[in-house]
There are 2 protein chains.
Amino acid sequence: MNIKKASELTGVKPENIRYYERVGLIPPVIRNENGVRNFSDIDIGWIKFSKHMRDAGVGTEALIDYISLFQKGDASNIQSRKEILQGQLDELEERIETMVHARDYLKLKVENYEDIMVPLEKKLQDGNCTVFEEKKEELEWPKR
Amino acid sequence: MNIKKASELTGVKPENIRYYERVGLIPPVIRNENGVRNFSDIDIGWIKFSKHMRDAGVGTEALIDYISLFQKGDASNIQSRKEILQGQLDELEERIETMVHARDYLKLKVENYEDIMVPLEKKLQDGNCTVFEEKKEELEWPKR
DNA sequence: TCTTGCGTTAAAGTGCACTTTAAGGTTTAT
DNA sequence: ATAAACCTTAAAGTGCACTTTAACGCAAGA
């Protein structure tokens, strides 16, 4: 299939599929006699994998290392490949924790916005805008 | 307190605290007669808030809008401010979902790496490196 | 007094991950 | 046969969020 089809199947723009291949985020795609890429289902799988990982915030470097090791097609680096994935998994867990923490904080803040702000409207109208900041401190950061 | 102390308390480098103030990620900090910033606990709170949100991937634009509305110190925009936070909360939820999905996929892949790779070592050693890719397809993407 | 260590600014530089541009080649439909 | 609609590349441009640089000011200690 051509790059347009591959793009439709994966949600990655043709320009970015070429970019992915160029930098090594996917293995090289087989070309026809005119140098036109002919994507296989396996290529589509690789594009989906890289897009999925990128969407989740996994950096290109780790992904490129992984694809690169993979392409050596050598059983001796299975452990290295697994370690790369494990490392990214650990980083992902950490980022998720940070985000969940921020989410909980924002949630608490939004849910209590009216309760805190409405009683303060009068004071704010007097130009005393520091009051909220003092009040805000009552909204403690969610504990670990 | 001076910027160094503020930096120590918040984990944000002095350069970045200045940057935060410059772009509006925190409200302006009161200066002394020489133009030197004197950080209050409230300023520290704002830095922590912005850092926390930035760490969680909240974009600067939304944050700047929020701080900007906040500084108007006007009760009429409480709703707008709440809406900004709600919008960021929604985006955060979505990003968390994407990441949790990727995390689950990676976890499954890492956990099954040996099971899949070890039986394939022989074939891989024969240079048949496409086998894994076929095999890989068995590792389905976790469903929503 | 003068060096050390803190502060300040505007402006330029960096790194990442695309994204666009320019200049072509080929294949398909009218 | 010629225009539209694909494909290709290398290289330059973009946007975000810092990060560094250069040049300066103030204030306390040897």
Take the protein atom CG of Leu25(A) and the nucleotide atom P of dA17(C), then report the distance between them rounded to whole Å.
8 Å

Cation over ring face, Lys51(A) and Tyr20(A), 6.0 Å, 45°:
no

Is it true that Asp43(A) and Ser40(A) share a donor-acceptor pair across their side chains at a distance under 3.5 Å?
yes

Using a 6.0 Å cut-off, check whether atom CD of Glu61(B) has over 12 heavy atoms from anything other than its own residue.
no

Please state whether the phosphate of dA17(C), meaning OP1 or OP2, lies under 4.0 angstrom from any side-chain nitrogen or oxygen of Asn16(A).
no

For a quick test of reading the model, state the closest non-hydrogen atom pair linking Asn38(B) to Met1(B) and the distance between them.
OD1-N, 2.7 Å

Charged N to carboxylate O under 4.0 angstrom, Lys82(B) versus Glu111(A)?
no

DNA chain C: 5'-proximal contact among Tyr19(A) and Asn32(A) (nearest heavy atom):
Tyr19(A)

Using a 4.0 Å cut-off on protein heavy atoms (strictly under), produce a 5'-to-3' string for nucleotides 3-9 of chain D with B for base contact, S for backbone-only sugar-phosphate contact, and - for none.
---SSBB

Tell me: OH of Tyr20(B) to P of dT19(D), nearest whole Å?
9 Å

Would you please confirm or rule out a distance under 4.0 Å between OP1 or OP2 of dA10(C) and any side-chain N or O of Arg22(B)?
no

Nearest whole angstrom, please: distance from the P of dC6(C) to the CG of Asn38(B).
17 Å

Over how many whole Å does the gap from Lys51(A) atom NZ to dA17(C) atom C1' extend?
13 Å

Glu61(A) CD - dG15(C) C1' separation (whole Å)
11 Å

In whole angstroms, how far is the P atom of dC18(C) from the CG atom of Leu63(A)?
10 Å

Check ion pair Arg103(A)-Glu97(A) (N to O, under 4.0 angstrom)
no

Tell me: CD1 of Ile47(A) to P of dC18(C), nearest whole Å?
13 Å

Would you mind reading off the distance between Glu15(B) atom CD and dT21(D) atom P, rounded to a whole angstrom?
11 Å

With a 4.0 Å cut-off, would you call Glu93(B) and Lys107(A) a salt bridge?
yes

